[in-house]
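Following: one structure in structure tokens, then a few remarks.
These numbers come from a predicted model, not from an experiment. Numbers restart at 1 for each chain; the letters A, B, ... are given by sequence-line order, proteins then strands.
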There are 2 protein chains.
Amino acid sequence: MKPAVRPAAAAAAAATEGPRFQEVLDALHADIVDGRVGIGERLPTEQELCLRFSASRYTVREALRRLQDLGLIARRQGSGSVVTAARPDGRFHNALSSLAEIGQYASSTRLEVLAVEKVLVEGRTAELLQSPPDTPWVRVVALRRQPEERTPLCYTEVFLPAAYADVAQAIGTFPVAVYAVLESRYGLRIAEVVQSIEATSADANLASRLSVEVGTPILVVIRHYLDAEGNVLEVAVNSHAAGRYRYEMTLQRTG
Amino acid sequence: MKPAVRPAAAAAAAATEGPRFQEVLDALHADIVDGRVGIGERLPTEQELCLRFSASRYTVREALRRLQDLGLIARRQGSGSVVTAARPDGRFHNALSSLAEIGQYASSTRLEVLAVEKVLVEGRTAELLQSPPDTPWVRVVALRRQPEERTPLCYTEVFLPAAYADVAQAIGTFPVAVYAVLESRYGLRIAEVVQSIEATSADANLASRLSVEVGTPILVVIRHYLDAEGNVLEVAVNSHAAGRYRYEMTLQRTG
DNA sequence: TGTCATTTGTGCGTATGTATC
DNA sequence: GGATACATACGCACAAATGAC
């Protein structure tokens with residue numbers, strides 16, 4: 001789904017300034033999360049909503065469709081729209097617990113490439129890449145932004161084996177996750193992704209890139225993409241300023 | 001217009017019998033999975049698709065919308081529709097980040113309880129617990145330590161519904177995760193755990209508890225334990241000093 | 001830099017199909 | 001059967017983002 005960020009709203013009553021359906025969406029969303037329409041209860045019909053909001057059926061249906069995408073309601077032809085969950089899950093963060101979701105994330109944000117360079121890794125970097133020293137890699141430095149947001153969401157360094165250098169060149173030109181390009185262009189198959197998350201603080205470089213002060217807490221997410229033999233095909237280091245990002249995942253018990 | 005009895009079109013191999021958009025959807029889907037439109041390439045424009053399929057823009061957009069929901073394409077205003085994946089699967093699942101692992105962690109460390117108190121939650125805390133204000137909960141404050149280490153690994157606040165207060169009393173006396181105690185003593189069953197990870201900085205309280213300076217980066221892991229109906233049975237807020245803890249997980253592709 | 005054609009996003013009105021009650 | 005309510009579908013118009021010039 002889309003971030004749906006609206007431009008500040010015109011003070012007074014309705015805080016809804018963006019698209020027309022946003023007003024309907026916000027109102028219904030509030031009804032649900034605040035419990036005015038409980039789980040199992042039905043929302044008003046499309047026609048009633050058209051009247052209440054003086055909007056066309058298209059607009060109302062767009063709002064309902066988004067509620068459905070959020071998993072808050074279920075719709076049944078001939079019956080109506082039933083509230084299925086009141087999960088107040090915030091929307092300004094990402095749930096990345098599957099590769100598909102990483103791809104989703106990649107395509108809903110924009111990557112602005114700052115530099116692409118070949119490097120011979122050594123020292124700590126070689127350790128990070130689980131690579132012997134003096135091996136050639138390509139290093140891509142980039143900022144990830146949300147549409148309409150000025151401050152970047154994330155400072156990213158992506159490392160790829162030098163053999164895949166032309167993929168590095170293509171990063172950012174289309175809204176596709178890097179791993180997906182690797183798989184399609186080189187016939188590779190990612191079998192496993194190892195994620196590591198920790199907190200650090202911003203050094204001078206990061207502070208400058210992310211427009212924060214030195215020392216600001218940073219959430220670092222490092223992903224190693226491995227093939228079935230355990231070879232490292234890509235390493236991405238994502239640094240997020242505190243408060244701009246939250247990593248969320250769901251563990252479900254099977255059986 | 002009568003979409004009802006479609007004249008089967010000139011469709012020789014028209015296996016598409018359902019709605020009009022299904023034909024468009026199937027054709028585009030096949031183009032993608034069969035690789036006729038590769039990852040990173042663009043689909044035809046809406047207008048071109050209208051012509052090709054002799055369908056209205058509504059119909060074409062419905063098909064594109066579904067491809068988007070499947071995660072196969074990304075659409076950008078002014079730009080077009082780009083193929084982002086050739087398979088809808090991408091099914092990775094959490095191999096090493098499971099309920100069992102949380103239990104492992106709990107039993108390999110020691111919990112030192114600092115305080116147990118009943119509280120009526122309100123404001124931000126109520127929001128955190130997804131609980132109505134003025135509801136009674138039990139709050140347990142504790143430090144988690146590794147054996148033989150002096151500095152604590154983590155500052156923890158656990159919230160439980162007041163009904164389970166005696167579990168709170170028992171926390172720390174045996175090396176079992178709190179959720180396991182809840183399950184065995186009350187016959188509850190945790191169906192889902194939602195984890196949220198973010199970075200903040202240490203306030204005075206945290207700094208003192210964790211023996212770090214104020215402002216030190218902190219990795220906060222919040223877990224909501226839910227039953228099958230979505231009721232919150234436990235909320236744990238774990239604050240780790242930077243450098244003392246790293247959250248690691250592996251996503252494995254199942255297909 | 002800004003203009004301009006292209007392309008998707010939003011929105012309206014209308015009509016018919018089809019599932020539910 | 002009939003009434004209700006959502007699903008599908010057409011045509012039109014303008015807004016907003018993009019990319020090329």
Original post:
Would you say the side-chain atoms of A/R209 pair up with the backbone N or O of A/A204, donor to acceptor, closer than 3.5 Å?
Top reply: no
Would you tabulate the pairs of protein nitrogen or oxygen atoms and nucleotide nitrogen or oxygen atoms of nucleotides 19-21 of chain D closer than 3.5 angstrom?
| from | atom 1 | to | atom 2 | distance (Å) |
| --- | --- | --- | --- | --- |
| D/dG19 | OP1 | B/R76 | NH2 | 3.3 |

Subject >> Atom pair distance, as rounded to whole Å: CD in B/E62 and P in D/dC10 >> reply: 11 Å
Protein-nucleotides 13-15 of chain D N/O pairs under 3.5 Å:
| from | atom 1 | to | atom 2 | distance (Å) |
| --- | --- | --- | --- | --- |
| D/dA13 | N6 | B/R57 | NH1 | 3.3 |

Original post:
By salt bridge (Lys or Arg N to Asp or Glu O under 4.0 Å), which residues pair with A/E157, not counting sequence neighbours?
Top reply: A/R139
Subject >> Length of the OH-C1' vector between B/Y58 and C/dC12, whole Å >> reply: 14 Å
Subject >> Residues in side-chain contact (heavy atoms from CB on, under 4.5 Å) contact with A/E213, at least two apart in sequence or another chain >> reply: A/T216
**OP:** List for me each residue that meets side-chain hydrogen bond (donor to acceptor under 3.5 Å, both in side chains) alongside A/R52, sequence neighbours excluded, and say none if there are none.
**Re:** none
Original post:
A/E198: what forms a salt bridge (Lys or Arg N to Asp or Glu O under 4.0 Å) with it, not counting sequence neighbours?
Top reply: none
Original post:
For DNA chain D, what residues of residues 45-55 of chain B have any heavy atom nearer than 4.0 Å?
Top reply: B/A55
Subject >> Residues that B/T135 engages under side-chain hydrogen bond (donor to acceptor under 3.5 Å, both in side chains), provided they are two or more places apart >> reply: B/S131
Original post:
Of all residues at least two apart in sequence or in a different chain, which pass the salt bridge (Lys or Arg N to Asp or Glu O under 4.0 Å) check with B/R57?
Top reply: B/E46
Original post:
Residues in side-chain hydrogen bond (donor to acceptor under 3.5 Å, both in side chains) with A/Y186, at least two apart?
Top reply: A/D166
Subject >> Between C1' of C/dT10 and CZ of A/R65, the distance in whole Å >> reply: 13 Å
Original post:
With respect to the side chain of A/S81, which nucleotide from D/dT8, D/dC6, C/dT10 is positioned closest?
Top reply: D/dC6
**OP:** Quickly work out the A/L64 CG to D/dA5 C1' distance and round it to whole Å.
**Re:** 12 Å
**OP:** Return yes if some donor-acceptor pair links the side-chain N/O of B/E48 with the main-chain N/O of B/T45 below 3.5 Å, else return no.
**Re:** yes
Subject >> Counterpart residues, salt bridge (Lys or Arg N to Asp or Glu O under 4.0 Å), relative to A/D34 (two or more places apart) >> reply: A/R36
**OP:** Please check the phosphate of D/dC6 (OP1 and OP2 only) for any side-chain N or O of A/R61 closer than 4.0 Å.
**Re:** no
Original post:
A/R75 or B/T59: which one's nearest nucleotide on DNA chain D is closer to the 5' end?
Top reply: A/R75
**OP:** Could you list the residues that satisfy side-chain contact (heavy atoms from CB on, under 4.5 Å) with B/E41, not counting sequence neighbours?
**Re:** B/V37
